[in-house]
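Remember, it's a predicted structure, so these values are computed and weren't measured experimentally. We use all heavy atoms of the structure for the numbers below, so side chains are in, but hydrogens, waters and symmetry mates are not.
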Amino acid sequence: MSERIESRNKSMQHGISAAEARKKRDDVNVQIRKQKRDEQLQKRRQQQSESDEKQSLLSYNFGELIEGLKSENPTVRLDATSQFRRLLSIENNPPIAQVIDLGIIPQFVDFIQRDHEPHLQFEA
C-alpha cells in the first residue's frame with residue numbers, strides 16, 4: 001500500500017516552491033522596472049530632440065528667408081519656402097503670428113498658383 005501511495009505522489013504534479021515563486025516575481029518586477037526606465041529615457045530623448053529642432057528652426061534669420069522668397073533663382077525660392085514650412089510645422093507654439101506679421105502670405109498664395117512649379121506649390 002505504501003508503494004502505491006509513493007508512486008501516486010511521484011506521478012502527481014508538485015506546485016511551485018516558494019523559492020521559485022519568489023524568484024519569478026523578482027524577475028518580473030525587474031523587467032517591469034527596466035521597461036519603465038526605458039520608456040522614461042525615450043520620452044526624455046524625444047523631448048530633447050524636439051526642443052533642439054525648435055531652437056534650430058527659431059534661429060533662422062527671417063530677413064534672409066524673405067530675400068530667398070523674392071529671389072529669381074527657383075532653387076533659392078524653394079529652399080526658403082520649405083524652411084518657412086518647417087518653421088510653421090513645429091508641433092508646439094509655431095511662430096504663425098510672426099510669419100503673418102512679416103507680410104509674406106501673399107507671396108505663398110502666388111506660389112500656390114504657379115502650375116509650372118509643382119514643388120514650390122507643394123511647399124507653399
Side-chain angles (χ1 to χ4, degrees):
M1 180 97 157
S2 66
E3 289 177 24
R4 193 172 178 197
I5 293 173
E6 281 182 37
S7 68
R8 215 186 269 170
N9 282 342
K10 287 182 182 179
S11 67
M12 292 179 75
Q13 291 182 350
H14 295 287
I16 299 174
S17 70
E20 288 177 22
R22 187 179 322 111
K23 186 176 188 314
K24 212 175 207 184
R25 277 194 313 269
D26 289 343
D27 289 344
V28 169
N29 286 337
V30 167
Q31 285 184 352
I32 290 172
R33 282 196 305 265
K34 282 183 180 180
Q35 286 175 345
K36 285 183 181 180
R37 186 178 65 228
D38 288 343
E39 288 173 5
Q40 291 295 332
L41 285 173
Q42 191 68 18
K43 283 181 186 178
R44 241 185 254 144
R45 287 180 188 140
Q46 186 177 8
Q47 288 174 349
Q48 182 65 31
S49 67
E50 286 175 0
S51 67
D52 290 347
E53 180 179 316
K54 185 177 178 181
Q55 287 299 325
S56 68
L57 288 174
L58 290 177
S59 66
Y60 278 123
N61 184 355
F62 285 124
E64 290 177 8
L65 291 178
I66 292 171
E67 291 300 317
L69 290 177
K70 295 177 182 177
S71 173
E72 294 298 320
N73 186 343
T75 56
V76 173
R77 259 195 324 254
L78 180 64
D79 288 342
T81 306
S82 64
Q83 288 178 0
F84 268 114
R85 181 192 49 80
R86 280 190 225 119
L87 186 65
L88 292 171
S89 297
I90 296 174
E91 260 186 58
N92 298 327
N93 302 324
I96 296 172
Q98 294 169 341
V99 172
I100 292 173
D101 291 341
L102 293 173
I104 58 173
I105 302 302
Q107 187 75 33
F108 291 139
V109 172
D110 180 50
F111 290 164
I112 291 173
Q113 295 171 349
R114 295 185 184 190
D115 292 332
H116 60 279
E117 294 181 88
H119 294 298
L120 188 62
Q121 272 185 326
F122 175 76
E123 290 295 334

Inset, instruction - Tell me, please, which residues at least two apart from Asp27 pass salt bridge (Lys or Arg N to Asp or Glu O under 4.0 Å). - result: Lys23
Inset, instruction - Tell me, please, which residues at least two apart from Ser71 pass side-chain hydrogen bond (donor to acceptor under 3.5 Å, both in side chains). - result: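 Per chain and number, Ser71 pairs via side-chain hydrogen bond (donor to acceptor under 3.5 Å, both in side chains) with no residue.
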Legend entry - Partners passing side-chain hydrogen bond (donor to acceptor under 3.5 Å, both in side chains) against Asn73 (at least two apart in sequence or in another chain): Thr75
Inset, instruction - For residues 19-45, pull every pair meeting ring-ring contact (aromatic ring centres under 6.0 Å, His included), keeping only residues two or more places apart or in separate chains. - result: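 Sorted result for residues 19-45: empty, none.
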Legend entry - Any pair counted as ring-ring contact (aromatic ring centres under 6.0 Å, His included), so long as it reaches residues 18-38, sequence neighbours left out: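 Of all non-adjacent pairs touching residues 18-38, none passes ring-ring contact (aromatic ring centres under 6.0 Å, His included).
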Roughly how far apart are [X] [atom1] and [Y] [atom2], rounded to 0.5 Å?
X      : Y     : atom1 : atom2 : answer
Thr81  : Leu69 : OG1   : CG    : 5.0 Å
Gln83  : Leu87 : CD    : CG    : 9.0 Å
Phe111 : Leu78 : CZ    : CG    : 9.5 Å

Distance-only donor-acceptor pairs under 3.5 Å for side chains of residues 103-110, two or more places apart:
residue, atom, partner, partner atom, Å
Asp110, OD2, Arg114, NE, 3.4
Asp110, OD2, Arg114, NH2, 2.9

Legend entry - Those residues that, when tested against Val30, pass side-chain contact (heavy atoms from CB on, under 4.5 Å) (two or more places apart): Arg33, Lys34
Inset, instruction - Enumerate the residue pairs fulfilling salt bridge (Lys or Arg N to Asp or Glu O under 4.0 Å) with a member in residues 95-105, sequence neighbours excluded, ordered by first and then second residue. - result: none
Inset, instruction - Give every residue pair that meets the salt bridge (Lys or Arg N to Asp or Glu O under 4.0 Å) criterion with at least one member in residues 70-85, sequence neighbours excluded. - result: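 Qualifying pairs, neighbours excluded: Arg77-Glu117, Arg85-Glu123.
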Legend entry - Minimum heavy-atom distance between Gly68 and Ala80, given as atom pair plus value: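 Nearest pair, atom of Gly68 first, then Ala80: C-CB, 3.8 Å.
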Legend entry - Shortest non-hydrogen contact from Val99 toward Leu88: CG2-CD2, 3.7 Å
Legend entry - ILVMFWY clustering at 4.5 Å (side-chain atoms), partners of Val28: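 Direct or chained contacts put Val28 with Ile32.
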Inset, instruction - Check each of Glu39, Arg45, Gln40 against Gln42 using the side chain to side chain contact (heavy atoms under 4.5 Å, CB included) test, and report the only one that passes. - result: Arg45
